[in-house]
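Shown next, in structure tokens, is the structure this report addresses.
Below, read A as the first sequence line, B as the second, and so on, with proteins coming before strands; counting in each chain starts at 1. Computation of the quantities below employed the complete heavy-atom set of this structure, encompassing side-chain atoms and omitting hydrogens, waters and symmetry-equivalent molecules.
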Protein chains: 2
Amino acid sequence: MEDKSQYGRMLKKENLRNTSHRQSILEALEASKEPVSAETLYLTLREKGISISMSTVYRALDVLAEKNIIVKTDFTDNNKSLFEIKREEHRHHLVCVKCRSVIPVMECPFHEYARALERQFGFSITGHKLEMYGYCRKCSESMDKSGNAP
Amino acid sequence: MEDKSQYGRMLKKENLRNTSHRQSILEALEASKEPVSAETLYLTLREKGISISMSTVYRALDVLAEKNIIVKTDFTDNNKSLFEIKREEHRHHLVCVKCRSVIPVMECPFHEYARALERQFGFSITGHKLEMYGYCRKCSESMDKSGNAP
DNA sequence: GTGCAAATGCGAATCAGTCGCATTAAGGAG
DNA sequence: CTCCTTAATGCGACTGATTCGCATTTGCAC
């Protein structure tokens with residue numbers, strides 16, 4: 001999504017006005033390699049010299065998530081929601097429970113599984129979220145050295 | 001887990017005192033077929049005539065989740081956390097985005113996938129959470145009738 | 001039984017997220 | 001380009017789940 005006018009089209013398609021704030025938010029999310037919190041996003045924008053309020057950030061994130069342009073995620077921890085742009089392929093995440101780093105993962109082998117569950121329960125699955133917890137390479141190594149088992 | 005003294009052993013093993021409140025909480029979670037919120041649990045206990053405070057419920061749930069005796073889950077919605085007892089086999093969930101019903105699912109076909117990711121990223125996976133969203137049978141049907149697409 | 005750290009109760013505090021309302025600005029019509 | 005409607009925004013107050021401080025109680029090792 002290098003072409004920024006693309007955002008305008010996406011917003012229009014959803015009957016959302018193409019405001020400069022929404023543009024900035026989408027650009028910031030696009031630029032971010034990992035999911036960010038509303039607050040982080042707010043601070044990022046302020047740093048860029050953009051004058052915006054928290055309410056607007058929250059409201060924009062809500063409506064964008066509702067329209068499926070971005071994805072809202074809740075990693076169990078500090079009970080803060082994180083947001084990321086919806087890319088071509090959806091992603092899953094490896095979350096390090098120690099240093100809290102997040103590694104995005106592209107592959108998703110769950111389509112057959114989902115199909116089977118739909119048949120079994122008469123449930124129509126429209127989306128899913130998979131998060132995996134554990135220790136990233138660095139944290140496992142540092143614990144090995146210090147003698148603490150993961 | 002019919003044998004309630006089992007709880008005592010589990011707690012002791014984690015260096016937690018075997019208090020009557022923790023017993024009650026574990027029993028209530030054991031009895032519940034689906035994940036419950038702290039508040040629901042609190043009310044359930046009060047109804048049973050157990051005098052307990054919200055802080056205690058929260059604190060007990062926290063420590064039990066930390067010790068891996070129960071599981072804390074955040075379904076994106078009303079930003080309330082849900083808790084359930086950790087059973088033999090872990091579960092996944094089908095969450096209806098309309099009526100909010102939750103269907104637990106036993107099967108978990110992800111072990112190979114997890115293994116592959118561990119190799120690929122040097123990440124040591126200790127747990128995972130999969131939630132699937134969509135429309136349960138009842139809600140899809142009622143929407144079909146009313147003409148609203150899911 | 002005694003002693004002491006862990007657990008609890010209570011109410012105050014925190015803090016992400018929401019809301020009401022007045023103001024501003026998209027963007028379609030003319 | 002200007003006008004007009006209405007969505008979007010800012011601000012500050014508010015909410016509601018969760019946490020915290022501190023005094024009191026209770027489990028349990030000895």
Measure from [atom1] on [X] to [atom2] on [N] and round the result to the nearest Å.
X: B:L82; N: D:dT18; atom1: CG; atom2: C1'; value: 14 Å
X: A:R22; N: D:dA7; atom1: CZ; atom2: P; value: 11 Å
X: A:Y42; N: D:dT9; atom1: OH; atom2: P; value: 14 Å
X: A:Y58; N: C:dC15; atom1: OH; atom2: P; value: 12 Å
X: A:Q23; N: C:dA26; atom1: CD; atom2: C1'; value: 13 Å
X: A:H21; N: D:dG10; atom1: NE2; atom2: C1'; value: 10 Å
X: A:N15; N: D:dA8; atom1: CG; atom2: C1'; value: 15 Å
X: B:D62; N: C:dT8; atom1: CG; atom2: P; value: 12 Å

Looking at side-chain heavy atoms only, is the closest gap between [X] and [Y] below 4.5 Å?
X: A:L64; Y: A:K86; result: no
X: A:L26; Y: A:I70; result: yes
X: A:L82; Y: A:T40; result: no
X: A:F123; Y: A:E118; result: no
X: B:K13; Y: B:M10; result: no

Query raised in the report: Excluding sequence neighbours, so at least two apart, what forms ring-ring contact (aromatic ring centres under 6.0 Å, His included) with B:Y113?
Result: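 Result, ring-ring contact (aromatic ring centres under 6.0 Å, His included) vs B:Y113: A:F110.
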
Polar atom pairs (N or O), protein with nucleotides 28-30 of chain D, under 3.5 Å:
unit_1 : atom_1 : unit_2 : atom_2 : d
D:dC28 : OP1    : B:N18  : N      : 2.8

Query raised in the report: When all nucleic acid strands are considered with a 4.0 Å heavy-atom cut-off, which category describes A:S51: base, sugar-phosphate, or nothing?
Result: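 The answer is sugar-phosphate, as A:S51 gets under 4.0 Å only of primed atoms, P, OP1 or OP2.
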
Requested in this report: Give A:R59 one of three labels, base, sugar-phosphate or nothing, depending on what nucleic acid heavy atoms sit under 4.0 Å from its own.
Outcome: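 Base: the residue A:R59, judged by heavy atoms under 4.0 Å, touches a nucleobase.
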
Query raised in the report: With a cut-off of 6.0 Å (strictly less than), are more than 12 heavy atoms of other residues, nucleotides or ligands near NZ of A:K12?
Result: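 Counting other residues, nucleotides and ligands, NZ of A:K12 stays at 12 neighbours or fewer.
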
**Report entry** Check: A:S32 side chain, A:A28 main-chain N or O, donor-acceptor pair, under 3.5 Å
**Finding:**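 No; zero donor-acceptor contacts below 3.5 Å.
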
Query raised in the report: Looking only at atom types and distance, does a side-chain atom of B:R22 sit under 3.5 Å from a main-chain N or O of B:A60, one as donor and one as acceptor?
Result: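 Flag not set: sc B:R22 to bb B:A60 has no pair under 3.5 Å.
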
Query raised in the report: Any idea which of C:dA16, D:dG10, C:dT8 is nearest the A:I52 side chain?
Result: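 The answer is D:dG10, which lies nearest to the side chain.
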
Query raised in the report: Do any side-chain nitrogens or oxygens of A:S81 fall under 4.0 Å of OP1 or OP2 in C:dA16?
Result: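 For C:dA16, OP1/OP2 do not have a side-chain N/O of A:S81 under 4.0 Å.
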
Requested in this report: Give a yes/no on whether any side-chain N or O of A:S53 is located under 4.0 angstrom from OP1 or OP2 of D:dG10.
Outcome: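 Yes, A:S53 has a side-chain N/O under 4.0 Å of OP1/OP2 on D:dG10.
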
Query raised in the report: Quick one: the side chain of B:S55 and the base of C:dG11, do they pair up donor-acceptor inside 3.5 Å?
Result: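 Indeed there is one.
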
Query raised in the report: For the helix from C:dG1-D:dC30 to C:dG30-D:dC1, how many degrees between its two end axes (five pairs per end), to the nearest 10°?
Result: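 For the helix from C:dG1-D:dC30 to C:dG30-D:dC1, the axes at opposite ends meet at about 40°.
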
